[in-house]
Amino acid sequence: MLQKINELVTVVKLGGSSITFKERTFSVDENALSNISSALSNFNGRLFVVHGGGSWGHPVAAAYGLSSFTYSNDIRGVSQTRLAMLELTKKVQRSLIDHGISVFFFPPQHLESMTNDLEGLYELKAVPLTYGDVLYERGKGYRIIGGDEIISRLSASIKIKRVLFIMRSKGILDVNGEPISVISLSGKQGISIEQVPIMKGNTVYTFKQARNELKSISPDATGGITYKLIVAERLVSIGVEVMFLSSDSQDNMVKALNGMKFQGTTVMI
């Protein structure tokens, strides 16, 4: 699969918190979604877009006990969660299309087969788009596959140049709520990834602690900031540029898309 992609791909993850109001079930932040779509329309490279569930997928999944870490055979929960995500992805697709981006949507269940066909899609100037959803694993049952996990899987199948995690916050935050500009795996620049603070309620964990207790510390069905950093760590270790930033500035997103200096968090070796 790797040899079929002739040009490096930029992957953009639209976090559920960036495109919905997580405190209001089945809501969409139309301004943020429009900002993101406009920024992406001003990028000339190859894009691959993944979006999360926000106030659509997560509340339904939680109501039925579905998560990335546990299996379920409650088909009611599976059906309701998948329906919610289909409704959300239609809104994301509509915004992207309205901004001149010709998306080719497919569910993550077809991720492997679609990565075999990406070169053909890119030759047609299409932008592949998928999203967090429910996955069936034979002999185990159903579980959530989040957008961050999708990106991790993609990195084993296609050549990725950089990944942008678009968030509601201005990046990965410190204990004072300010964005950390640089996180490094080695600790030689900025703050060491092991020491990045992870908040749960009034308790502060380090990333090192949170990674070891992911299931109990995670605030949502797909691992929250802790899992994003796990994925970022994997990506950076194989040479992928990783950035975390907010959706509030089109100009800032365009800078990040093009590898220029931007406001947010960069993860590096």
Side-chain angles (χ1 to χ4, degrees), residues 1 11 13-20 22-23 25-27 48-93 104-118 128-158 163 165 198 200 205 207 209-235:
M1 286 184 283
V11 178
K13 162 67 188 306
L14 313 185
S17 66
S18 73
I19 58 174
T20 74
K22 293 192 82 169
E23 67 280 4
T25 306
F26 305 135
S27 63
F48 193 115
V49 180
V50 183
H51 73 80
S55 65
W56 294 71
H58 287 282
V60 181
Y64 288 96
L66 283 164
S67 80
S68 294
F69 316 112
T70 56
Y71 291 90
S72 171
N73 286 309
D74 188 338
I75 195 62
R76 295 171 302 166
V78 171
S79 299
Q80 293 291 340
T81 304
R82 296 201 70 197
L83 177 60
M85 289 307 300
L86 280 170
E87 291 176 345
L88 176 58
T89 202
K90 284 171 63 178
K91 296 179 182 297
V92 174
Q93 290 175 66
F104 185 91
F105 150 77
F106 64 93
Q109 293 83 358
H110 302 302
L111 187 64
E112 184 175 346
S113 61
M114 284 308 306
T115 52
N116 282 315
D117 298 327
L118 283 185
L129 178 144
T130 191
Y131 57 91
D133 199 8
V134 182
L135 193 68
Y136 176 73
E137 295 182 356
R138 185 174 297 174
K140 296 180 179 180
Y142 296 94
R143 72 174 183 89
I144 300 295
I145 179 170
D148 304 325
E149 182 181 350
I150 290 170
I151 293 171
S152 184
R153 292 191 179 195
L154 271 178
S155 68
S157 303
I158 67 173
V163 175
F165 290 90
I198 305 293
K200 183 180 181 182
Y205 298 85
F207 170 65
Q209 294 170 323
R211 180 173 52 194
N212 294 331
E213 302 178 49
L214 181 60
K215 294 180 184 179
S216 60
I217 291 176
S218 173
D220 62 36
T222 54
I225 293 296
T226 302
Y227 192 74
K228 291 183 194 311
L229 286 173
I230 289 172
V231 172
E233 189 175 38
R234 292 172 184 166
L235 294 169

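Sequential numbering from 1 along the given sequence is applied to the chain's residues. Worth knowing before you read on, the calculation uses all heavy atoms, side chains too, and leaves out hydrogens, waters and symmetry mates.
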Does [X] reach the side chain of [Y], with side-chain heavy atoms less than 4.5 Å apart?
X      : Y      : value
Leu229 : Ile198 : yes
Ile230 : Phe207 : yes
His58  : Lys22  : yes
Leu129 : His51  : yes
Leu154 : Phe48  : yes
Trp56  : Thr81  : no
Tyr64  : Ser72  : no
Leu118 : Pro128 : yes

From [X] atom [atom1] to [Y] atom [atom2], the distance as rounded to the nearest 0.5 Å:
X      : Y      : atom1 : atom2 : value
Leu88  : Leu83  : CG    : CG    : 11.5 Å
Ile144 : Met85  : CD1   : CE    : 8.5 Å
Lys200 : Thr226 : NZ    : OG1   : 10.0 Å
Phe106 : Met114 : CZ    : CE    : 5.0 Å
Ser68  : Asp148 : OG    : CG    : 9.0 Å

Residues in ring pair (Phe, Tyr, Trp, His ring centres under 6.0 Å) with Phe105, at least two apart? Tyr131
Which ring-ring contact (aromatic ring centres under 6.0 Å, His included) pairs, counting each pair once, include a residue from residues 136-158, with sequence neighbours left out?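 Sorted pair list: Tyr136-Tyr142.
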Tell me, please, which residues at least two apart from Ser27 pass side chain to side chain donor-acceptor pair (under 3.5 Å). Ser55
If we ignore hydrogens and angles and just use 3.5 Å, is the side chain of [X] paired with the main-chain N or O of [Y] as donor and acceptor?
X      : Y     : result
Thr89  : Leu86 : no
Ser18  : Leu14 : no
Thr130 : Val50 : no

With no hydrogens and no angle check, just 3.5 Å: does a side-chain donor-acceptor pair link Ser152 and Ser155? no
For Arg138, check salt bridge (Lys or Arg N to Asp or Glu O under 4.0 Å) against everything at least two apart and list the hits.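 With sequence neighbours excluded, Arg138 shows a salt bridge (Lys or Arg N to Asp or Glu O under 4.0 Å) to no residue whatsoever.
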Can you name the salt bridge (Lys or Arg N to Asp or Glu O under 4.0 Å) partners of Glu149, sequence neighbours left out? Arg143, Arg153
Can you list the residues that meet the side chain to side chain contact (heavy atoms under 4.5 Å, CB included) rule with Gln109, with sequence neighbours excluded? Arg82, Pro107, Asp133, Leu135
Would Phe165 and Ile151 count as a side-chain contact (heavy atoms from CB on, under 4.5 Å) if you check the C-alpha gap in whole Å, the side-chain angles of each, and the deciding distance to 0.1 Å? CA-CA 10 Å; Phe165 290 90; Ile151 293 171; 4.2 Å; yes
Just do the side-chain contact (heavy atoms from CB on, under 4.5 Å) check on Phe26 and Val60 with the steps written out, would you? CA-CA 10 Å; Phe26 305 135; Val60 181; 3.9 Å; yes
I need the minimum non-hydrogen distance between [X] and [Y], along with the two atoms involved.
X      : Y      : value
Thr70  : Gly65  : OG1-O, 3.7 Å
Gly54  : Pro59  : O-CD, 3.5 Å
Pro108 : Ile150 : CB-CD1, 3.7 Å

